[in-house]
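Everything on this sheet refers to the single structure shown next.
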Amino acid sequence: MSIEVKNMKLHAWIAEIKTICQPDAIYICDGSRQEYDSMMQKLIDSGSATPLKKRKNSFLFRSDPSDVARVEDRTYISTTSQDEAGPTNNWVAPAELKGIMKDLYKGCMKGRTMYVIPFSMGPIGSPMAKIGIEISDSPYVVVNMHLMTRVSSKVLELLGTDGDFIPCLHSIGAPLEPGQKDVQWPCAPIEQKYISHFPEENLIWSYGSGYGGNALLGKKCLALRIASAMAKREGWLAEHMLILRLTSPEGKQYHIAAAFPSACGKTNLAMMLPSLKGWKCECIGDDIAWLKIAPDGRLHAINPESGFFGVAPGTSYATNPMAMDTVRENVIFTNCALTDDGDVWWEGMEAELPSHLIDWKGHDWTPESKADAAHANARFTAHASQCPVICKDWENPAGVPIDIFIFGGRRTSVVPLVYEAFSWEHGVFLGATAASETTAANIGAVGNLRRDPFAMKPFCGYNMGDYFQHWFNMGEKLGSKAPKIFYVNWFRKSQDGKFLWPGFSDNSRVLKWICERVDGKIGAENSAIGLLPNEGDLDLSGLTLQSESIKELMSVNVDEWKAELPDIEAHFATFDKRLPAKLKDQLEELRKRLG
Ligand code: GTP
Ligand code: SPV
Ligand code: MN
């Protein structure tokens, strides 16, 4: 189907990219169901997609074994001066990076169709929404974008002849010579992959990968890296946060936004089925929040996405039943294992191991096999409307008013289950010093402890020292209407390597304590690192936890925390003059409290 492009900037951009990339054909997407179905049929015919007999309208993709996650080492924030990108980002000057990438883009779409994908992050037409246009040579990207963003010809209508949009250029970097047979998952070798952002001109150029955040450019590239830089300029926040509505047995609503690093529990918390009777959790978003101060003086959040690109391994009816119900039909699975009767499988899905599977690489797998059957970063893509606990306000253009911020990470030791910040300033310090063990969501070592401030280390599109200052500024603007800030760690382990906390639905117990603190219903115990639950205040009814485990889970070991100080100092030193003085003050106060 051919749609007329009336927008002048888009018209010129399509012509420019066509000349550089030399595709065989151009297709303008309209976001329709028919388009999704025919695109998927092509992916089946080419051997890229496997229809699942056991799940209606669901498909399995297997990526190239080299292209399984985001590539932080190949991700760039390209600003005129390196100082603007700051110490947490890779940097190459715009002219140089564009030169390198233009050479790669030359003829890169030969033998392929160039898809033009108009999409909105946020409800179409909402004052908080942003329009992007992704040009991609990957039909897999098109079908995923259909679920993850609002792809529609309405977006083009809204743009009119002279409306502005964020150009997102993507190529898998695998041109086809005449007669050359395509592979199942075409992509470029790692040293040719570039995920580049030019925040000074709101521009994204991605080359060489077809996976997740590298290729679905509305997500991390637009809604976090570019949006965070826009948010800094315009006085709002773009955060790596889930959004949920918690309702107490008395019917009081609390809106919570929580930032955990990749593969550290956002989707699970966002869809939690509370183990505590009478409490209800509804999902508004599972990965990204855009937050603005509304006329009521409070911070209101929207989820700019329209779907979930969730971690499959570990997801089960025991851990995240709402996610399991979300993925019953109309799902794209990537790098999961295939069962003999035509369903997907992954590690942690059920207690019993199947006797035979086809693993994510397409090989036979049995319980004797050493390697995992599904890749650790295997994912499902599903539309948010399929989640049984999706909140009726998830698409409310005005967003929801946030009461509580939670920061956290994956820490095997040192960090207790939950504590509360003394103040907004202290809360910003907790966000700025958050540390977490690395996961399979990025290509690289897994399990390495690193500072991941606000879970934004891979996603902040400008100097993170300025980002910290922006958070202080927002706190000043919000004054007494600022959300309260807490820190959690679901992942502390005992000496023998077992999780001390049951997690998942039992995280509702921690949320209940947080709500009672916000309401001023209960006191808390002063500690060097923050306010801890008084004994008996954390609702553990019905849990069979050893009191020893609870003690260990909650313990704050002064020596262990003193040992954190040099690392925090070194982390802060990387920001040099851009480090807000308030963070240095907070560090000195922590040092004093630790004695
Ligand atoms: P991204 O999509 O990469 O941003 O990840 P995420 O933050 O949404 O993480 P997700 O909820 O998908 O969880 C990642 C992994 O951590 C999964 O394997 C979960 O089963 C596991 N997990 C989540 N919550 C908990 C918890 O409370 N306790 C334990 N032990 N594991 C958890
Ligand atoms: C993450 O890594 O935080 C994700 C997955 O949410 S991706 O879309 O690949 O970035
Ligand atoms: Mn994420």
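Both counts, for ligands and for their atoms, begin at 1 and track the order of listing.
Nearest protein heavy-atom neighbour of atom 9 (O) of ligand 1: Gly265 N, 2.9 Å. Ranking protein heavy atoms by distance to atom 18 (O) of ligand 1, first place goes to Pro313 O, 2.8 Å. The protein heavy atom nearest to atom 1 (P) of ligand 1 is Ala263 N, 3.3 Å. Here the heavy atom of the protein found nearest to atom 10 (P) of ligand 1 is Asn268 ND2, 3.4 Å. For atom 6 (P) of ligand 1, the closest non-hydrogen atom on the protein side is Lys266 N, 3.3 Å. Nearest non-hydrogen protein atom to atom 2 (O) of ligand 1 is Arg379 NH1, 2.7 Å. Nearest protein heavy-atom contact of atom 15 (C) of ligand 1 is Arg410 NH2, 3.8 Å.
Here the options are Leu500, Asn489, Leu532, the test is side-chain contact (heavy atoms from CB on, under 4.5 Å), and the partner is Pro416; only Leu532 passes. Looking at Cys221, Cys187, Ser209 one by one, the single match for side-chain contact (heavy atoms from CB on, under 4.5 Å) with Asn214 turns out to be Ser209.
Put simply, Lys220 gets within reach of the Mn ion (ligand 3), with an N, O or S atom under 2.8 Å from it.
Counting the atoms of ligand 1 from 1 in the order shown, those under 4.0 Å from a heavy atom of Asp287 are 4 (O). Atoms of ligand 2 lying under 4.0 Å from at least one heavy atom of Lys219, given by number and element, are 6 (O), 8 (O). If you number the atoms of ligand 2 from 1 as listed, the ones under 4.0 Å from a heavy atom of Ser262 come out as 1 (C), 2 (O), 3 (O). The Ala441 neighbourhood of ligand 2 comprises atoms 2 (O), with distances under 4.0 Å to a heavy atom of that residue. Atoms of ligand 1 lying under 4.0 Å from any heavy atom of Pro261, numbered from 1 in the order shown and given with element: 7 (O). Which parts of ligand 2 touch His240 is read off a 4.0 Å heavy-atom cut-off, strictly below it: atoms 3 (O). Applying the 4.0 Å criterion to heavy atoms of Phe459 picks out, from ligand 2, the atoms 3 (O).
Across every non-hydrogen atom of Ala441 and Asn377, the tightest pair is CA-OD1, 3.6 Å.
The shortest heavy-atom distance from Gly310 to ligand 1 is not under 4.0 Å. Residue contact check for ligand 1: Asn507 places a non-hydrogen atom closer than 4.0 Å to it. Using a 4.0 Å cutoff on heavy atoms, Arg379 counts as a contact of ligand 2. Heavy-atom separations between Ala455 and ligand 1 are all 4.0 Å or longer. Residue-ligand proximity: Tyr211 is placed with every non-hydrogen atom at 4.0 Å or more from ligand 2.
On a distance-only criterion, Gly213 and ligand 2 share at least one N/O pair closer than 3.5 Å.
Counting only heavy atoms from C-beta outward, the side chains of Ile406 and Met241 never approach each other to under 4.5 Å. Under the 4.5 Å side-chain criterion, counting only non-hydrogen atoms from C-beta, Leu417 is in contact with Met554.
Panel note: side chain Ser228, backbone Leu224; a donor-acceptor pair is recorded below 3.5 Å.
Of all the heavy atoms of Trp501, none lies under 4.0 Å from any atom of ligand 1, so neither backbone nor side chain is involved. With a 4.0 Å cut-off on non-hydrogen atoms, Phe308 does not touch ligand 2 at all. If you look at Leu242 next to ligand 1, there are no close heavy atoms at all, none under 4.0 Å. The backbone and the side chain of Ser262 each have at least one atom closer than 4.0 Å to an atom of ligand 1 (non-hydrogen atoms only). With a 4.0 Å heavy-atom cut-off, ligand 1 is reached by the backbone of Phe504 and by its side chain too. For Asp287, every heavy-atom contact with ligand 2 shorter than 4.0 Å involves the side chain, none the backbone. By the criterion of a heavy-atom distance under 4.0 Å, neither the backbone nor the side chain of Ala270 is placed next to ligand 1.
One finds an angle of 90° at the Mn ion (ligand 3) between NE2 on His240 and OD1 on Asp287, to the nearest 10 degrees.
In summary, the aromatic rings of Trp513 and Tyr419 are positioned with their centroids too far apart to meet the 6.0 Å limit.
Salt-bridge annotation for Arg517 and Glu420: present, with a side-chain N of the basic residue lying under 4.0 Å from a carboxylate O of the acidic one.
Looking at Lys220, Lys266, Arg70, it is Lys220 that brings a heavy atom closest to atom 4 (C) of ligand 2.
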